Amino acid sequence: MIKQAIIPLAGLGTRMLPLTSVLPKELLPINGKPNLEYILEECLNAGIKEFIFIISKNKYSIKKYFFNDSFYKKIIKKKKDKRIIQEYKKIKKYQKMIKFVYQNSPKGTGDAVLKCQKFIKSNFFLILLPDDLIINQNCSKEMIKLHKITKGSIIATKRVKRKTVSRWGILSLKNKKKNYFEIKDVVEKPNIKKAPSNFAIIGRYILTSKIFGEIKKLKPGQGKEIHITDAIKSLIQKNNKFYGNIFKGKYLDCGTLKGYIDSGAKINKGKK
Ligand code: G1P
């Protein structure tokens, strides 16, 4: 059973400057709702019961967004506004589910995830990168279903334009079925000549807890960071099963300013 989700939130957000000079990118609204709430809703609908947020001391406002009781209590006492009461109820529900872990220097996703080891209770858990929104179809739910069938680790994937492969982790595949395949290898941000396919890793992973042991052995890789991709590569080499879930939903890249601006328009369009 997949009941815990790790959400890395310690990134600097430089691709989103100037907006991120005052507000974490995960709290920037898309069609009136913070990016992060889309991620949490996806998890709730997929049966997740506990969130582990990886923040840094520069991202304290994320904690404040969810833990600001005295502020809400004061306002509600004064205004008795139904909408605010509803919002506060939702936040209270999240409060019970969130744990915080700190990563104060940005050393990569692998390093961030390793900091969560002490909280992980089962053999498999979910990771969601909030830069990557997937709408219209619940990707985490699809992945949990595939995990139940295969009993392996699962990575969300979609085909990207060949000329953009160096922006992503890229998968090499075997035994392709309609909606999924077995992963033979992964490469973090390869150049176009070295890319084994154009199936990119999109920010959702169901991983075995064996990943922690592999991360500990890693030396910094591409961009001098500790990449989760490299730990996955070692596990595949040791014959652990990994599958790519070709998700059905629509992908919105919220990690760049252009992608963020386009996302607002695309979410709206999806509703009409
Ligand atoms: C990270 C991963 C990469 C993956 C991407 C998806 O890269 O390292 O493998 O394809 O997320 O968004 P980042 O976006 O942090 O550069």
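Below, all heavy atoms of this structure are taken into account, side chains as well, without hydrogens, waters or symmetry copies. Sequential numbering from 1 along the given sequence is applied to the chain's residues. Whatever order the structure lists ligands and atoms in, that order sets their numbers, starting from 1. Please read these numbers as outputs of a predicted model, since none were measured by experiment.
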How does Arg204 reach ligand 1, by side chain, by backbone, by both or by neither, if only non-hydrogen atoms under 4.0 Å count? neither

Do any nitrogen or oxygen atoms of Ile202 come within less than 3.5 Å of a nitrogen or oxygen of ligand 1? no

For the NZ atom on Lys93, are there more than 12 heavy atoms of other groups (residues, nucleotides or ligands in this structure) within a distance under 6.0 Å? no

Sort out for me which residue in Leu146, Leu126, Ile2 forms a side chain to side chain contact (heavy atoms under 4.5 Å, CB included) with Ile154. Leu146

What residue and atom, counting heavy atoms only, is the protein's closest point to atom 4 (C) of ligand 1, and at what distance? Ile201 O, 3.4 Å

Using heavy atoms and a threshold below 4.0 Å, how should the contact between Thr229 and ligand 1 be classified: side chain, backbone, both, or neither? side chain

Are the side chains of Tyr38 and Ile134 in contact, using a 4.5 Å heavy-atom criterion? no

Got a sec: does the OH of Tyr60 have more than 12 other heavy atoms crowding it under 6.0 Å? no

Can you see whether Glu142 engages Asn179 through a side-chain donor-acceptor pair at a distance of less than 3.5 angstrom? no

Identified side-chain hydrogen bond (donor to acceptor under 3.5 Å, both in side chains) partner of Asn198 from the options Lys161, Lys158, Arg159: Arg159

Cation-pi geometry met for Lys25 and Tyr260 (6.0 Å, 45°): no

Any nitrogen or oxygen of Thr109 lying under 3.5 Å from a nitrogen or oxygen in ligand 1? Just yes or no. no

Side chain, backbone, both or neither: which applies to Asp253 and ligand 1 if a contact is any heavy-atom pair less than 4.0 Å apart? neither

Under 3.5 Å between some N or O of ligand 1 and some N or O of Tyr251? no

Taking 4.0 angstrom as the limit and counting only heavy atoms of Gly169, give me the atoms of ligand 1 inside it, by number and element. 3 (C), 4 (C), 9 (O), 10 (O)

Is Lys63 positioned over the aromatic face of Phe53, cation under 6.0 angstrom from the ring centre and no more than 45 degrees off axis? no

Any protein heavy-atom neighbour for atom 15 (O) of ligand 1 (distance below 4.0 angstrom)? no

Quick check: does Asp131 get an N/O under 3.5 Å from an N/O on ligand 1? no

Sub-4.0 Å heavy-atom approach of Arg15 to ligand 1: yes

May I ask you to list the atoms of ligand 1 that are less than 4.0 angstrom from any heavy atom of Leu129? 1 (C), 11 (O)

Pairing of Arg15 and Asp253 as salt bridge, 4.0 angstrom limit: no

Can you report which non-hydrogen protein atom sits closest to atom 8 (O) of ligand 1, along with the distance? Glu188 OE2, 2.7 Å

The closest protein heavy-atom partner of atom 13 (P) of ligand 1 is Lys189 NZ, 3.6 Å

So is Trp168 polar-close to ligand 1, meaning N/O to N/O under 3.5 Å? no

So do Phe212 and Val113 actually touch side chain to side chain, heavy atoms under 4.5 Å? yes

Which atoms of ligand 1 have any heavy atom of Asp132 under 4.0 Å away? 6 (C), 12 (O)

